Asks: 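Before anything else, here's the structure in question.
Just so you know, ligand 1 is whichever comes first in the structure, and atom 1 is the first atom listed for that ligand. The structure displayed is predicted, hence computed values, not measured ones.
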Amino acid sequence: MQTNMPDIANTAPALQTGTLDWVGMGEIELPFIFESHGITPVTVNAKARAFVNLHKEDAKGIHMSRLFLALDTLSTEQQVNPQTLAQALDFFISSHEGLSDKALIEFKFELPLRRKSLLSGKAGWKSYPVILTSTIEQGVINYELSVDVTYSSTCPCSAALARQLIQNAFAEKFSQETLSQKEALEWLGTTQGIVATPHSQRSIANVKVKLDSNITQFDVVNLINTIEDELKTPVQAAVKREDEQEFARLNGQNLMFCEDAARKIKALLETQQYSDYWLQINHYESLHAHDALAIAVKGVAGGYRA
Ligand SMILES: Nc1nc2c(ncn2[C@@H]2O[C@H](COP(=O)(O)OP(=O)(O)OP(=O)(O)O)[C@@H](O)[C@H]2O)c(=O)[nH]1
């Protein structure tokens, strides 16, 4: 009986020679404990992608099991932070000596955060989609952090058109020079008074930033908070009537096209001095069946698309 198992990746000839930019695995199921500044370490259910390049032209293939097991160690014995990710990337390279000199690990997961209501003092959970990509190339580590922030956008054009209809209705209703404050106040509280409302829509800001290579901890919460503070109308978790009214006020006072939202976030990222960023604003229109989009890019963020 033969006991030596064939080792194709190590011994078989390549059908065709050539280098490859990335080889690895996608959709790896990987729960792990994620560490980020400002929150207690939290277990997330990530989908991982793990890659190395293949620069040896005649090698049959990479050793996928080594990448998979390194990620499993990260999941079961460690917590995910910049140090442990750097260790895993180092291992990807050292376990592929002669084959690879670049490595990439990407985690896609939802980060649950406790969010306070606007006025009522209640709180609830809100999950934020996060993609954390780390690479190593010639010994240099790079981290990219991508978050999706969902918010409400009210159309400034629609708001102006609605105001004009309200003015017209007012002119028709109160044609006399002097009017009763009581009557006008009552009328404003009716559907005939506010005869039109502007359309607003659920919107998503996809923001990807390049982090400093020397960071000692991730800070996802700060990135999310600053984006929400800038947009002013993030979707809410716990909502009582007073919160809903405040949300209506915030929407009315922060009318925005997708360009307005994009410029706000762009200016914010510039002040935070990220060396690289990419952002896409998506307004999922309620007026149109299509979406309104605005994109701003600095440098080459998003270049690591394995
Ligand atoms: N390179 C490569 N491996 C694949 C692919 N699809 C499945 N595999 C499997 O990945 C498994 C793990 O490969 P290796 O890491 O080389 O496994 P191993 O030889 O037991 O591990 P080492 O002794 O550490 O080299 C093998 O059983 C391969 O058949 C593929 O497209 N490319």
Asks: How long is the span from the CG atom in Leu99 to the CD1 atom in Ile62, to the nearest 0.5 Å?
Replies: 8.5 Å
Asks: Please list the nearest protein heavy atom to atom 1 (N) of ligand 1 with its residue and the distance rounded to 0.1 Å.
Replies: Ile62 O, 2.9 Å
Asks: Nearest protein heavy-atom contact for atom 19 (O) of ligand 1: which residue, which atom, what distance?
Replies: Asp7 OD1, 3.6 Å
Asks: Under the side-chain contact (heavy atoms from CB on, under 4.5 Å) test against Phe107, which residue among Val44, Leu30, Ile28, Ile131 passes?
Replies: Leu30
Asks: Over all heavy atoms of both residues, which pair between Ala294 and Ala262 is shortest? Give the atoms and the distance, please.
Replies: CB-CB, 3.6 Å
Asks: Say you draw a straight line from CG of Leu104 to CH2 of Trp22; how long is it, rounded to the nearest 0.5 Å?
Replies: 4.5 Å
Asks: Check whether any side-chain N or O of Thr133 sits under 3.5 Å from a backbone N or O of Glu106 as a donor-acceptor pair, and report yes or no.
Replies: no
Asks: Between Lys264 and Glu230, is there a side-chain N and carboxylate O pair less than 4.0 Å apart?
Replies: no
Asks: Does the protein put a heavy atom less than 4.0 Å from atom 12 (C) of ligand 1?
Replies: yes
Asks: Looking at atom 9 (C) of ligand 1, tell me if a protein heavy atom falls under 4.0 Å from it.
Replies: no
Asks: Would you mind checking which non-hydrogen protein atom is closest to atom 25 (O) of ligand 1, with the distance to 0.1 Å?
Replies: Arg66 NH2, 2.7 Å
Asks: Considering all protein heavy atoms, does one lie under 4.0 Å from atom 27 (O) of ligand 1?
Replies: no
Asks: Out of Gly61, Ser65, Gly24, who is nearest to atom 15 (O) of ligand 1 when you count heavy atoms only?
Replies: Ser65
Asks: Of the protein's non-hydrogen atoms, which lies at the shortest distance from atom 16 (O) of ligand 1, and what is that distance?
Replies: His63 ND1, 3.0 Å
Asks: In a check of side-chain contact (heavy atoms from CB on, under 4.5 Å) between Ile227 and each of Asn225, Leu223, Asp229, Ile224, which one passes?
Replies: Leu223
Asks: Measure the distance from atom 31 (O) of ligand 1 to every protein heavy atom, then report the residue, atom name and distance (to 0.1 Å) of the closest one.
Replies: Met64 CE, 4.1 Å
